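What follows is one structure encoded as C-alpha cells, with my remarks underneath.
Naming convention: chains lettered A, B, ... in sequence-line order (proteins, then strands); numbering from 1 in each chain. Everything numeric here is computed off the predicted structure, so don't read it as measured data.
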Protein chains: 2
Amino acid sequence: MELTPAAKKFILHWGEMGQAWGINRTMAQVHALLFVAPDSLDAEEISRLLDVSRSNVSTSLRELMTWGIVKRVHVIGDRRDRFEALKDVMETFRVIMAERKRREMDPTIALLEHCVEEAEGGDSRDDYTREQLEKMLDFTRMLTTWYSQIDRLPTPALRRIFTAGAKIARMFGAQAPQEANVN
Amino acid sequence: MELTPAAKKFILHWGEMGQAWGINRTMAQVHALLFVAPDSLDAEEISRLLDVSRSNVSTSLRELMTWGIVKRVHVIGDRRDRFEALKDVMETFRVIMAERKRREMDPTIALLEHCVEEAEGGDSRDDYTREQLEKMLDFTRMLTTWYSQIDRLPTPALRRIFTAGAKIARMFGAQAPQEANVN
DNA sequence: TATACTTTTCAGTAGTGACGGAAATTTCGG
DNA sequence: CCGAAATTTCCGTCACTACTGAAAAGTATA
C-alpha cells in the first residue's frame, strides 16, 4: 500500500497544523495517516509510509492513545499490533477538547483562583492586576461551563447546535436591554 | 515598578499556556504582563521586568501588534514608545480567534477542497480516503460557518450565548427524532 | 544638520525537543 | 521453556527555534 497524492498532502498539512497547535509534527502526521487509511496499520508500515523511525512511531502512537484518538486493534493471524484512529470527526474533536480542558483550562482556573486570592491580600498596587485576573478567571469559567453543558449532548445534537449559528445569533443577539425581540 | 507575586505567577503560567498553543513563551509573557499592568509600559521596562533581551521584547511586541492584541501608545513628554494590551478579555479572545481562523482554518479548508477534488479523479483505492477528507471538510466548514455567524454579534450578545450553555443544550438536545422533549 | 536617544535588524549562539539506532524487554508460537 | 518476532525504552545526535548582543537604521531635539 502506498499513499495517494491527496493523502500525502493532507498528512503534511495536518503535521503543520499540529505544530501550530502545540502538537508535534510526527504525532499529527501519524494521526492524519490513520484517519484517512481504509484499514488499520501496523507500526512498521506507518514508519515506512511516513519515512520516520520505528521508535518515533512508537512514541507517537503511545501519545495518541493517551489522548484517546487512536486505538490498538488486532487482526487474527497477525501478531503485530495494528492501529486505527477514531473515524468520526466530531467524536475526535470532542475527545481532544475534553483532554485540552483537563490539561489546560482546569489548571488555568486553579492558578487564576490562587492569584486572585493572593492579590486580595496585597497592597493597592495589586488592585488593578487583581481586577484583570478576576476578569480572566470569569471568562475562563464561562467558557468551560459552556463547554461542559454542550459536551453532555450526543453528537447529533452537537451538530445541530453548530449548524444553527445564525439562529442562535438571532436569538441572543436581539436581547439587548432596549431592543425588541426579533421573533 | 516591580511585579507582584500574583502577576509573576500569572505571567509564567501564561507563558506555558502559550507554548501549549503554539505561541512562543516570551511573546505570551509580554502579553500577560501588559494585560495585568495598570499602565502602558515601554520596551525597556518590559525587558527588565521579564528579564529578557531588549531585542527579544521588540520582536515579541511586533508579533503581538500583528495579531492585534497589543497597541503602541504615546504619552506626552516621553519619546519612547509605550505599549498596552487589549484590556477586555472577550475582545482579546475574539481577535485571536479571527486571526487563527484566517491563518489556519481558511487554508485548511482550501487544502481539503483541493485534496477531495484530486481524490475524485483517483482510482478506487482513494474512495475511502476521499470520504474521510470530505467528512473533515464538512466539519471544518461547519465550525467556521458557526464561528462567522457568532462573531458578527457584539460582545454582550456573545457573553449571553456563552452563559446560556445549559439553555442551548436543552433547546438543541431535545430534538432527536424518537426522544421526547425534556421540558 | 549634528547628536543623542530609541528601535529594529541581523548574525551567531544556546537551549530545547524531536528523532534515530541500538539495546532491552515483552510477547507469542513452537 | 526456548527462540523468534515485535515493541518499547533509552541515550546520543541533530535540527530548529528562541534568544542575545551588536550594529544599523530611524527619529526627534537642539
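- The aromatic rings of A:Phe93 and A:Phe162 sit perpendicular, their planes meeting at an angle over 60°, well past the 30° parallel limit.
- Scanning both residues, B:Pro154 and B:Arg94, for their nearest heavy atoms gives C-NH1, 3.5 Å.
- In the set D:dA6, C:dC19, D:dC19, the nucleotide with an atom closest to the side chain of A:Arg80 is D:dA6.
- Of all nucleotides listed (D:dC19, C:dT8, D:dC10), D:dC10 comes nearest to the side chain of A:Ser55.
- Atoms CD (A:Glu44) and C1' (C:dG20) sit 14 Å apart, rounded to a whole Å.
- A:Leu12 and A:Val30 fall into different hydrophobic clusters, defined by Ile, Leu, Val, Met, Phe, Trp and Tyr side-chain heavy atoms under 4.5 Å apart, directly or through other members.
- Contact between A:Glu104 and A:Thr108 at its shortest, heavy atoms only, is O-OG1, 2.6 Å.
- In this structure, B:Arg62 atom CZ and D:dC19 atom P are separated by 14 Å, rounded to whole Å.
- Here the C1' atom of nucleotide C:dT9 and the CD atom of B:Glu63 are 15 Å apart, to the nearest Å.
- Distance B:Leu50 CG to D:dA18 C1': 15 Å, rounded to the nearest Å.
- Projected onto DNA chain C by closest heavy-atom contact, A:Val52 and A:His74 fall at different nucleotides, the more 5' of which corresponds to A:Val52.
- The side chain of A:Arg72 lies closest to D:dT8 when the candidates are D:dT8, C:dT9, C:dC19.
- With rounding to whole Å, A:Phe83 atom CZ is found 9 Å from D:dT7 atom C1'.
- If you take CD on B:Gln149 and OG1 on B:Thr144, they are separated by 10.0 Å, rounding to the nearest 0.5 Å.
- Annotation: side chain of B:Leu50 is not in contact with side chain of B:Asn56 (no heavy-atom distance under 4.5 Å).
- Nearest to the side chain of A:Ser53, among C:dG20, D:dT8, D:dA6, sits C:dG20.
- Look at CG on A:Asn24: it is 11 Å from P on C:dG20, rounded to the nearest Å.
- Residue-level contact check: A:Asn56 touches the backbone only, with heavy atoms under 4.0 Å from sugar-phosphate atoms and none from bases.
- Phosphate proximity of D:dT27 to B:Arg79: absent, as no side-chain N or O sits under 4.0 Å from OP1 or OP2.
- We find that CD of B:Glu45 is positioned 12 Å from P of C:dT7, with the value rounded to whole Å.
- In this structure, CD1 of B:Ile23 is placed 13 Å from P of D:dC19, rounded to the nearest angstrom.
- Here A:Arg54 lies in heavy-atom contact (under 4.0 Å) with a base.
- Shown for residues 26-42 of chain B: residues whose heavy atoms fall under 4.0 angstrom of DNA chain D, namely B:Thr26.
- Applying the side chain to side chain contact (heavy atoms under 4.5 Å, CB included) criterion to B:Ile23, with sequence neighbours excluded, gives B:Met27, B:Ala28, B:Arg100.
- Phosphate contact (OP1/OP2 of C:dT16, side-chain N/O of B:Arg25, threshold under 4.0 Å): absent.
- Of all heavy-atom pairs between B:Phe35 and B:Ala85, the closest is N-CB, 3.8 Å.
- Of the two residues contacting DNA chain D, namely A:Gln19 and A:Arg82, the nearest-nucleotide position lying further toward the 5' end is that of A:Arg82.
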